[in-house]
Protein chains: 2
Amino acid sequence: MNIENVKFDEKGLVPAIVQDAASKEVLTLAYMNKESLEKTLETKETWFYSRSRQELWHKGATSGNTQKVVELRYDCDQDAFLVLVEPQGPACHTGAYTCFNESVDQEQVNVKEDRFQIFSILEKVIAE
Amino acid sequence: MNIENVKFDEKGLVPAIVQDAASKEVLTLAYMNKESLEKTLETKETWFYSRSRQELWHKGATSGNTQKVVELRYDCDQDAFLVLVEPQGPACHTGAYTCFNESVDQEQVNVKEDRFQIFSILEKVIAE
């Protein structure tokens with residue numbers, strides 16, 4: 001994939017869905033500019049662009065909760081990324097495992113990082 | 001959750017990550033406006049706003065590949081949705097199971113809908 005082909009929006013950003021590679025839970029939706037995409041590819045850790053702080057943001061730089069990039073996928077339109085990661089701690093600034101903690105029906109969702117982990121490990125063992 | 005609290009962007013849109021509730025694979029990143037969010041809640045099928053066609057879009061209306069909504073989650077900032085679905089066919093307009101088919105490292109990723117399904121079923125049985 002050529003970074004030049006990525007369709008950044010009018011603000012120079014592309015959405016990046018962060019998914020736990022083991023549990024398959026979606027952790028965060030963040031945004032990357034060209035520089036954060038390059039940094040992510042180079043360091044194999046997630047780098048985003050903070051829209052609120054308007055700056056490059058190395059996830060976990062201050063909290064220690066970095067995310068190791070296992071795989072970086074992109075979609076059919078090349079205007080969205082899916083980043084499969086090994087999280088080194090909570091993804092959410094609230095300290096929660098995932099930012100997607102609330103459901104429209106039930107107020108609080110109990111998303112656990114290990115919910116599918118054993119099956120994921122089992123699946124990998126069988127596949128090998 | 002009150003729809004009035006959703007932080008739609010300056011175009012009146014909010015990103016919606018569509019995830020297969022069974023396989024946990026991420027299928028699509030689409031966008032919803034207030035009307036499509038209301039339609040999704042009302043019909044329990046996914047409705048989006050097509051940015052290219054600039055119109056309300058009932059996923060599967062023409063192709064038959066609708067998505068039954070199992071759960072609708074939102075994030076800590078209330079500016080992104082995670083829609084867990086039971087897909088009635090391919091999510092991608094290319095006919096692929098997911099729009100996220102290509103990897104930055106390997107050209108083509110083989111994402112299968114049944115990869116984790118048996119483990120998901122097994123997990124549910126154990127949980128019950």
Side-chain angles (χ1 to χ4, degrees), chain A residues 1-3 6 9-10 14-20 23-31 37 40-41 51-52 69-84 91-94 96 98-107 109 111 115-116 118-123 126-127, chain B residues 1-3 6 9 11 14-20 23-31 37 40-41 51-52 69-84 91-94 96 98-107 109 111 115-116 118-123 126-127:
Chain A
M1 189 217 198
N2 193 330
I3 285 184
V6 177
D9 69 11
E10 65 282 1
V14 66
I17 302 161
V18 183
Q19 185 180 27
D20 187 323
S23 73
K24 315 281 276 182
E25 295 292 348
V26 173
L27 304 179
T28 310
L29 179 70
Y31 295 83
L37 178 58
T40 298
L41 290 168
R51 297 176 304 165
S52 54
V69 177
V70 176
E71 197 180 332
L72 188 61
R73 291 186 196 154
Y74 54 94
D75 77 343
C76 51
D77 294 327
Q78 307 199 340
D79 63 0
F81 281 97
L82 176 64
V83 195
L84 286 97
C92 191
H93 72 282
T94 63
T98 164
C99 292
F100 292 93
N101 269 307
E102 288 182 274
S103 164
V104 169
D105 298 322
Q106 315 132 255
E107 263 315 283
V109 188
V111 184
R115 185 163 186 244
F116 278 83
I118 185 65
F119 300 102
S120 166
I121 293 163
L122 183 59
E123 196 272 351
I126 293 168
Chain B
M1 187 214 201
N2 192 330
I3 285 184
V6 176
D9 68 12
K11 288 174 187 159
V14 66
I17 302 162
V18 183
Q19 184 179 28
D20 187 323
S23 73
K24 315 281 276 180
E25 295 291 348
V26 173
L27 304 178
T28 310
L29 180 69
Y31 294 84
L37 179 58
T40 298
L41 289 168
R51 296 175 305 164
S52 55
V69 176
V70 176
E71 196 179 332
L72 187 60
R73 291 185 197 156
Y74 53 95
D75 76 345
C76 51
D77 294 328
Q78 307 199 339
D79 64 0
F81 280 98
L82 177 64
V83 195
L84 285 97
C92 192
H93 72 282
T94 62
T98 164
C99 292
F100 293 92
N101 269 307
E102 287 181 275
S103 165
V104 170
D105 299 320
Q106 315 133 256
E107 262 316 282
V109 189
V111 185
R115 187 163 183 243
F116 279 83
I118 185 64
F119 300 102
S120 165
I121 293 162
L122 183 58
E123 197 271 351
I126 293 168

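Just so it is clear: chains get the letters A, B, ... in the order the sequence lines come, proteins before strands, and each one is counted from 1. All values below were derived from every heavy atom in this structure, side-chain atoms included, with hydrogens, water molecules and symmetry-related copies excluded.
Closest of all the heavy-atom pairs between His93(B) and Cys76(A) is CE1-SG, 3.7 Å.
At a 4.5 Å heavy-atom cutoff, Ile3(A) makes no contact with chain B through either its backbone or its side chain.
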Should Arg51(A) and Asp79(B) be marked as a side chain to side chain contact (heavy atoms under 4.5 Å, CB included) after you check the CA-CA gap, both sets of side-chain angles, and the distance that decides it?
-> CA-CA 12 Å; Arg51(A) 297 176 304 165; Asp79(B) 64 0; 3.2 Å; yes

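To the nearest 0.5 Å, atom SG of residue Cys92(B) and atom CG of residue Asp77(A) are 7.5 Å apart. For the atom pair Leu72(A) CG and Glu102(B) CD, the distance stands at 12.0 Å (nearest 0.5 Å). Residue Glu71(B) holds its CD atom at 7.0 Å from CG of Asp105(A), rounded to the nearest 0.5 Å. Taken from CD in Gln19(A) to CD in Glu25(B), the straight-line distance is 6.5 Å, to the nearest 0.5 Å.
Checked against side-chain contact (heavy atoms from CB on, under 4.5 Å), Ala16(A) has the following partners two or more places apart in sequence or in another chain: Met32(A), Phe48(A), Phe81(A), Val83(A). A search for side-chain contact (heavy atoms from CB on, under 4.5 Å) contacts involving Ala80(A) returns Pro15(A), Asp75(A), Leu29(B), Phe100(B), not counting sequence neighbours.
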